[in-house]
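Take a look at the structure below.
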Amino acid sequence: MLVAETVMHPLSVLLLGDAEQAEFGEAQACLRRGTPIHEARDLDAAASLAQRESPDLIVVAQSRPGQFSHAALHRLRRLAPLAPIVGLMGSWCEGETRTGSPWPASARLYWHQWPTRCKRQLARIANGRPSPWTLPATATEEERLLADIEAHGSETPRTTATRGLVAIRSLSSETAAWLLTACRSRGLAAVWQRRPPDARTQDATAAIFDAADLSNAEFAELGRFAAAMRPCPLIALLSFPRIDDQRRALSAGATVTLSKPLAIEDLFWEIDRSGQ
């Protein structure tokens with residue numbers, strides 16, 4: 001079992017926002033697994049809880065741009081200075097970094113990034129291990145990504161990392177080449193499948209389906225690929241998915257979905273778990 005999945009001390013989490021939104025459902029489920037949660041719909045209630053409960057982590061669920069101001073985040077940070085603040089962002093917030101005024105100096109995860117990354121980071125924090133979420137508030141997104149790579153490397157040494165074969169289904173030669181190189185760098189064999197799987201992939205450890213346009217035809221192809229690879233776990237890569245896209249992928253046979261642009265450590269976390 002990976003170190004990152006052995007939670008030693010339950011964390012206390014303050015959850016602020018309208019987390020009952022459908023796209024936040026899986027994120028809530030991840031948080032509730034062994035984690036005491038204190039929920040607040042508005043800033044005043046969150047401020048009261050922060051003072052009384054001294055949370056280990058503050059999660060702010062924002063379903064639309066501007067729902068919580070910079071001043072709100074600063075107020076929470078003053079009331080609970082030791083608690084990292086992480087943004088759980090809805091689909092409507094995806095353009096905020098380009099056209100809006102996103103929160104400064106906070107880790108931000110979209111709802112479709114949350115399930116895989118949450119499991120890793122909560123376990124690390126609970127075990128007192130380094131996590132991108134516990135970096136100083138001034139850390140950049142690049143620094144958080146590099147910290148995640150370093151932490152994953154310390155948890156899964158090359159000599160004990162998952163070994164096996166990964167079947168890659170992608171119509172993009174560039175994406176396939178990148179995935180092949182990444183898998184092989186981690187000690188995994190990898191095969192690019194441009195057509196239906198053949199005998200080479202019958203004993204695959206994991207399968208990756210790279211979705212291009214989320215069309216009906218592509219979901220049908222995903223279903224055929226999943227059926228051919230079964231019972232091998234299948235990871236579907238979706239570009240900026242909506243909740244309906246994720247549900248369709250899972251219904252078609254995907255074991256888990258990851259979003260593109262892809263954080264490579266999310267992919268290897270899921271591949272490692274598939275080999276346990």
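The first residue in the sequence is number 1, and the count goes up from there. Note: hydrogens, waters and symmetry copies are ignored here, and every other heavy atom, side chains too, is used.
- Between the side chain of Ser48 and the main chain of Ala45, no donor-acceptor pair closer than 3.5 Å is present.
- The CG atom of Asp148 sits 10.0 Å away from atom CH2 of Trp269, with the distance rounded to the nearest 0.5 Å.
- Separation of atoms OG (Ser91) and CE (Met89) is listed at 11.0 Å; rounding is to 0.5 Å.
- The two residues Arg144 and Pro136 make their nearest non-hydrogen contact at NH2-O, 4.1 Å.
- Neither Ile85 nor Leu135 shares a network with the other; the hydrophobic side chains, linked directly or stepwise wherever heavy atoms of I, L, V, M, F, W or Y lie under 4.5 Å apart, form separate groups for each.
- Side-chain atoms of Asp56 never come within 3.5 Å of backbone atoms of Leu11 as a donor-acceptor pair (strictly under, hydrogens ignored).
- Counting only residues at least two apart or on different chains, the salt bridge (Lys or Arg N to Asp or Glu O under 4.0 Å) pairs with a member in residues 62-76 are Asp44-Arg75.
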Problem - Worked check of side-chain hydrogen bond (donor to acceptor under 3.5 Å, both in side chains) between Thr116 and Glu270 - result: CA-CA 7 Å; Thr116 296; Glu270 295 294 350; 2.6 Å; yes
Practice task
Starting from the C-alpha separation in whole Å, work towards a yes-or-no answer on side chain to side chain contact (heavy atoms under 4.5 Å, CB included) for Leu57 and Leu14.
Solution key: CA-CA 6 Å; Leu57 178 72; Leu14 170 57; over 6 Å; no
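- A distance of 13.5 Å separates CZ in Arg242 from CZ in Arg247, rounded to the nearest 0.5 Å.
- Hydrophobic clustering, with ILVMFWY side chains joined whenever heavy atoms are under 4.5 angstrom apart, keeps Leu49 apart from Leu79.
- One distance of note links CD1 of Ile271 with SG of Cys183; it measures 4.5 Å at 0.5 Å rounding.
- In terms of hydrophobic clustering, with Ile, Leu, Val, Met, Phe, Trp and Tyr side chains grouped at heavy-atom distances under 4.5 Å, Leu16 and Tyr110 are assigned to a common cluster.
- Leu238 places none of its side-chain heavy atoms less than 4.5 Å from the side chain of Leu258.
- The closest side-chain heavy-atom distance from Ile37 to Val59 is not below 4.5 Å.
- Here the side chain of Ser251 pairs no donor or acceptor atom with the backbone of Arg248 at under 3.5 angstrom.
- A donor-acceptor contact shorter than 3.5 Å links the side chain of Gln67 to the backbone of Ser63.
- For Gln62 (side chain) and Gly90 (main-chain N/O), no donor-acceptor pair under 3.5 Å exists by modelled atom type.
- With contacts defined as side-chain heavy-atom distances shorter than 4.5 Å, the pair Leu31/Trp114 qualifies.
- Residue pairs meeting the ring pair (Phe, Tyr, Trp, His ring centres under 6.0 Å) criterion with at least one member in residues 50-69, sequence neighbours excluded, do not occur.
- Here Leu171 pairs with Arg169 under the side-chain contact (heavy atoms from CB on, under 4.5 Å) rule; sequence neighbours left out.
- When all heavy atoms of Cys93 and Arg108 are compared, the closest pair comes out as O-NH2, 4.0 Å.
- Two residues are said to be in side-chain contact when any heavy atoms from C-beta on lie closer than 4.5 Å; Ser131 and Ile125 meet this criterion.
- Between Ser259 and Pro241, the closest heavy-atom pair is CB-CD, 3.7 Å.
- No donor-acceptor pair closer than 3.5 Å links the side chain of Gln113 to the backbone N or O of Leu109.
- Hydrophobic clustering of Ile, Leu, Val, Met, Phe, Trp and Tyr side chains at less than 4.5 Å, counting indirect connections, unites Phe268 with Trp178.
- Each of Arg120, Arg186, Arg124 was evaluated against Glu265; a single residue qualifies, Arg186, per the salt bridge (charged side-chain N to carboxylate O under 4.0 Å, His left out) test.
- Atom CG of Leu88 and atom CG of Leu15 lie 7.5 Å apart (nearest 0.5 Å).
- When atom types are taken as modelled, the side chain of Asp213 and the backbone of Ser215 share a donor-acceptor pair closer than 3.5 angstrom.
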Practice task
Go through the steps for Phe209 and Glu218 under the test side chain to side chain contact (heavy atoms under 4.5 Å, CB included), then give the verdict.
Solution key: CA-CA 10 Å; Phe209 183 90; Glu218 191 162 57; 3.9 Å; yes
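- At least one side-chain heavy atom of Ser12 sits less than 4.5 Å from a side-chain heavy atom of His38.
- In this structure, CG on Leu234 lies 11.0 Å from OG1 on Thr257, to the nearest 0.5 angstrom.
- Remark: side-chain polar atoms of Gln121 are not paired, donor with acceptor, to backbone N or O of Cys118 under 3.5 angstrom.
- Nearest heavy-atom pair across Lys119 and Cys30 is CE-SG, 4.2 Å.
- The nearest pair of heavy atoms linking Phe240 to Glu94 is CD2-OE1, 3.7 Å.
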Practice task
Take Val166 and Val191 through the test side chain to side chain contact (heavy atoms under 4.5 Å, CB included) and record every step on the way to the result.
Solution key: CA-CA 6 Å; Val166 179; Val191 175; over 6 Å; no
Practice task
Check step by step if side chain to side chain contact (heavy atoms under 4.5 Å, CB included) holds for Leu237 and Ile208.
Solution key: CA-CA 7 Å; Leu237 308 182; Ile208 300 171; 3.7 Å; yes
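- Trp92 has its ring centre no less than 6.0 Å from the ring centre of Trp111.
- The nearest pair of heavy atoms linking Leu250 to Thr255 is CD2-O, 3.9 Å.
- Checked for salt-bridge contact, Asp18 and Arg41 miss the test: no charged N lies under 4.0 Å from a carboxylate O.
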